[in-house]
Amino acid sequence: VKIFAPNIEQRDVVNHLKGSPTGEKRNVLVESARLARGDIQDLAELKVSEFDAVIFPGGFGVAKNLCSWAVDGQNCTVNEHVRATLQAFHSAKKPIGLCCIAPVLAAKVFPGCEVTVGQDKNVDGRFPDAETASAIAELGCKHVCKNVNESHVDKANKIVTTCAFMCKAPLHEIFDGIGTMIEEVLKLA
């Protein structure tokens, strides 16, 4: 397992204790190295031939830094190295795992693919971002409704997705869903 991140500036730095931007500037690769305890490489250096699969964890950083979904929604752009990585794994017929908001990356890069970000309606208050499913459909992709402890496998494209924190759920349920995504990616590898 290797960890990669793009060598770019963050859109903004947020104080998560207060929930507001700090005005600081940080580099995504440097900040990711802090979280990965330094064992990380620039995404531009990733060689598909050296890996069996790729997994993009979600989080707001995906929607702000790996693409511009947080600002532009379905009209977003995807970072060139993120796009190239996804396309390279897809072309090599190697599995791609995406969780939380990261499935929007596949929706932008692979028209017609199947993904899940959970449910398409916020019936019980657990899926406050349910409109993301509609945006995915408007991009020409199929959104498949799944519970937080499940994942969806697009066998034709070897894309495995789960909603993770797109659902307001107990951590153990989110953990279970991510676990099923990892299991399915490994089955396809």
[X] side-chain N/O to [Y] backbone N/O, donor-acceptor pair under 3.5 Å:
X: T22; Y: N15; result: no
X: Q119; Y: A130; result: no
X: D154; Y: E114; result: yes
X: T116; Y: H152; result: no

Gap separating the [atom1] atom of [X] from the [atom2] atom of [Y], nearest 0.5 angstrom:
X: I101; Y: F60; atom1: CD1; atom2: CZ; answer: 8.5 Å
X: E183; Y: I178; atom1: CD; atom2: CD1; answer: 12.5 Å
X: L43; Y: T85; atom1: CG; atom2: OG1; answer: 3.5 Å
X: L66; Y: C76; atom1: CG; atom2: SG; answer: 10.5 Å
X: C163; Y: N147; atom1: SG; atom2: CG; answer: 8.0 Å
X: K158; Y: K94; atom1: NZ; atom2: NZ; answer: 10.0 Å

- May I ask you to test the Q10-E31 pair for a side-chain heavy-atom distance under 4.5 Å?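 Yes. Closest side-chain heavy atoms under 4.5 Å.
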
- Hey, are the side chains of K168 and P128 touching, using non-hydrogen atoms and a 4.5 Å cut-off?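 A side-chain contact exists here, since the closest heavy-atom pair is under 4.5 Å.
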
Give the minimum heavy-atom separation between [X] and [Y], together with the two atoms involved.
X: V14; Y: G19; answer: CG1-C, 4.2 Å
X: E150; Y: T180; answer: C-OG1, 3.6 Å
X: P57; Y: C99; answer: CA-SG, 3.8 Å
X: K108; Y: Q74; answer: NZ-O, 3.0 Å
X: A92; Y: V48; answer: CB-CG1, 4.0 Å
X: A106; Y: V115; answer: CB-CG1, 4.1 Å

Is there a path of hydrophobic side-chain contacts, each under 4.5 Å between heavy atoms, that joins [X] and [Y]?
X: I174; Y: I55; value: yes
X: I159; Y: L86; value: yes
X: V13; Y: V30; value: no
X: I182; Y: L188; value: yes
X: V117; Y: V123; value: no

- Message: Could you go through V104 and T132, starting from their C-alpha distance and side-chain angles, then the distance that decides it, and tell me whether this counts as side chain to side chain contact (heavy atoms under 4.5 Å, CB included)?
- Response: CA-CA 8 Å; V104 301; T132 304; 3.8 Å; yes

Quick one: do [X] and [Y] make a salt bridge, cutoff under 4.0 Å?
X: K47; Y: E45; result: no
X: E173; Y: R126; result: yes
X: R83; Y: E80; result: no

- Query: With a cutoff of under 4.5 Å between side-chain heavy atoms, which Ile, Leu, Val, Met, Phe, Trp and Tyr residues group with I3?
  - Reply: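 L29, I40, which link up through side-chain heavy atoms under 4.5 Å apart, make up the rest of the cluster.
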
- Item | side chain to side chain contact (heavy atoms under 4.5 Å, CB included) evaluation trace for N157 with H90 | CA-CA 7 Å; N157 289 295; H90 188 261; 2.8 Å; yes

- Query: Could you give all pairs that pass the salt bridge (charged side-chain N to carboxylate O under 4.0 Å, His left out) test and reach residues 58-72, with sequence neighbours left out?
  - Reply: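 Those involving residues 58-72 are D12-K64.
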
Assess, by modelled atom type and distance only, whether the side chains of [X] and [Y] contain a donor and an acceptor separated by less than 3.5 Å.
X: N79; Y: N65; value: no
X: D120; Y: H143; value: no
X: S151; Y: T162; value: no

- ring-ring contact (aromatic ring centres under 6.0 Å, His included) partners for F4, two or more places apart: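 By the ring-ring contact (aromatic ring centres under 6.0 Å, His included) rule, F4 matches F51.
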
- Member of V160, V54, V185 meeting the side chain to side chain contact (heavy atoms under 4.5 Å, CB included) criterion with P95: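 Per the side chain to side chain contact (heavy atoms under 4.5 Å, CB included) rule, the option paired with P95 is V185, out of V160, V54, V185.
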
- Message: By the definition side chain to side chain contact (heavy atoms under 4.5 Å, CB included), identify the one residue from T161, V62, L105 that meets it with F56.
- Response: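 The option that passes is L105.
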
- Might you confirm whether atom CG of D124 has over 12 heavy atoms from other residues, nucleotides or ligands at distances under 6.0 Å?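 Enclosed.
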
- Task: Step by step, work out the side chain to side chain contact (heavy atoms under 4.5 Å, CB included) result for V148 and F165.
- Result: CA-CA 8 Å; V148 68; F165 287 94; over 6 Å; no

- Go through the steps for V109 and Q87 under the test side chain to side chain contact (heavy atoms under 4.5 Å, CB included), then give the verdict. CA-CA 8 Å; V109 176; Q87 289 171 330; 3.7 Å; yes

